[in-house]
Amino acid sequence: MPEKKDYYEVLGVAKEANEKEIKTAYRKLAMLHHPDKSDAPEAEEKFKELSEAYAVLSDPDKRQKYDQFGHAGINSQYSQEDLFRGVNFEDLLRGFGGGGGGDSIFDMFFGGGGRRGPARGRDLRYDVNLTLEQAANGLETNIDVPRTESCPNCHGSGAKPGTKPVTCSNCRGSGQVTRAQNTPFGQMVTSTACSKCGGRGQTITSPCGECSGAGRVHKNRKINIKIPPGVEDGQHLKLRGQGDAAGPKGESGDLYVVINIQPHPRFQRMDSDLIMEMPISFTQATLGSDVEVPTLNGRAKIKVPAGTQTGTVFRLRGKGMPRLQGMGAGDLHVKVKIKTPASLTSRQKQLLEDLAIEFGEKKRPQNEKEKSILNKIVDEVKGAVQ
Ligand SMILES: [Zn+2]
Ligand SMILES: [Zn+2]
């Protein structure tokens with residue numbers, strides 16, 4: 001094993017580089033060396049080296065240990081898996097390479113015999129749409145997940161029951177073929193996946209009738225899921241081992257159930273609080289009133305005091321969304337909005353006109369009788385003058 005390179009050197013950043021510089025450097029280099037982008041034979045190794053450097057330097061704890069004790073500080077504390085845990089490479093590398101084919105970067109590093117091997121089943125994603133009410137109350141339901149399962153007939157071996165896969169004669173079961181070549185620099189040994197058995201190390205003489213020798217079948221599997229009350233939009237539940245099955249030996253992938261919460265016609269969510277607008281009449285606002293408001297699970301009352309202005313917010317404690325892990329619930333904020341009446345009966349109109357006069361906004365109009373008497377007097381006066 002060659003000596004391990006300095007992580008800062010690997011990423012080409014200074015020892016005092018900040019988080020952002022490290023991320024930028026990693027993204028730039030990862031793009032160049034991503035095995036899906038580069039055909040260079042050492043791309044995968046290089047990419048792994050970059051990713052490991054990033055995993056350590058982007059984590060304040062790990063970085064501090066590395067700064068203090070070097071590689072020894074890291075190796076003694078973390079397993080390879082621990083090193084990469086908590087880094088969302090998919091997110092970091094979104095927009096180039098990867099993503100397709102279900103080879104997660106994690107699989108690439110820990111897939112056993114390299115990323116081309118059938119080591120681990122694919123991770124699957126399943127989207128669940130919830131109403132806000134369902135998100136508030138939690139939900140236990142069955143989902144129908146189309147996935148690949150180990151063939152029940154041959155138990156994943158691919159061989160007809162009663163027969164057994166036989167050790168591949170070409171690679172003698174190793175799944176790899178090595179070829180030694182003499183070159184001016186000495187002997188070069190290259191190993192490639194065995195073409196006869198596809199790297200599996202075994203061949204099947206009489207294939208299973210159920211799966212035609214694949215060892216795997218497609219199935220819609222009903223899976224029971226429990227969504228906790230207070231779940232947020234975009235959160236996911238990880239169901240370990242519920243993704244696609246791998247070959248007879250590999251581990252199944254995981255199933256990610258992604259929660260999508262539909263917008264609610266009345267409530268807007270902000271973390272565990274809910275916000276709503278409540279129309280009230282101007283008489284309710286002026287005189288004060290008890291106003292009934294809808295909540296997620298029923299109704300509640302707010303006391304609108306006399307003289308309330310439009311836009312005033314009333315808070316109903318504990319009437320918002322439940323918090324995860326039973327940590328109580330948020331609040332419901334009710335913002336009142338004063339409605340202007342659009343159509344009025346003649347009596348309502350009269351009362352409002354009187355009110356306007358009372359407020360001094362209007363002069364009392366002369367009625368018809370008063371007007372005609374006045375006109376008559378004016379005419380008489382005019383006549384007298386002439
Ligand atoms: Zn089968
Ligand atoms: Zn073989």
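No hydrogens, no waters, no symmetry mates; every other heavy atom, side chains included, goes into these values.
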Can you list every pair that meets salt bridge (charged side-chain N to carboxylate O under 4.0 Å, His left out) and has a residue in residues 306-319, with sequence neighbours left out? Arg315-Asp331
side-chain contact (heavy atoms from CB on, under 4.5 Å) between Arg27 and Tyr54, worked out: CA-CA 9 Å; Arg27 277 184 57 97; Tyr54 177 75; over 6 Å; no
Does the side chain of Val128 reach to within under 4.5 Å of the side chain of Thr141, using non-hydrogen atoms? no
Tell me which one of Asn129, Leu139, Val231, Asp127 satisfies side-chain contact (heavy atoms from CB on, under 4.5 Å) with Ile259. Val231
Of all pairs that satisfy salt bridge (charged side-chain N to carboxylate O under 4.0 Å, His left out), the ones with a partner from residues 282-310, not counting sequence neighbours: Asp290-Lys303, Glu292-Arg299
Side chains of Asp67 and Tyr8: donor-acceptor distance under 3.5 Å anywhere? yes
Using a strict cut-off of less than 4.0 Å between a Lys/Arg side-chain nitrogen and an Asp/Glu carboxylate oxygen, indicate whether Asp59 and Lys65 qualify as a salt bridge. no
Applying salt bridge (Lys or Arg N to Asp or Glu O under 4.0 Å), can you list everything that pairs with Lys46, at least two apart in sequence or on another chain? Glu49
Name all residues meeting the salt bridge (Lys or Arg N to Asp or Glu O under 4.0 Å) criterion together with Arg63; count only those two or more places apart in sequence or in a different chain, and write none if there are none. none
Pairs satisfying salt bridge (charged side-chain N to carboxylate O under 4.0 Å, His left out), at least one member in residues 350-359, at least two apart: Glu353-Lys362
Please check if the distance between the ring centroids of Tyr66 and His71 is under 6.0 Å. yes
With sequence neighbours excluded, tell me which residues meet salt bridge (Lys or Arg N to Asp or Glu O under 4.0 Å) with Asp273. none
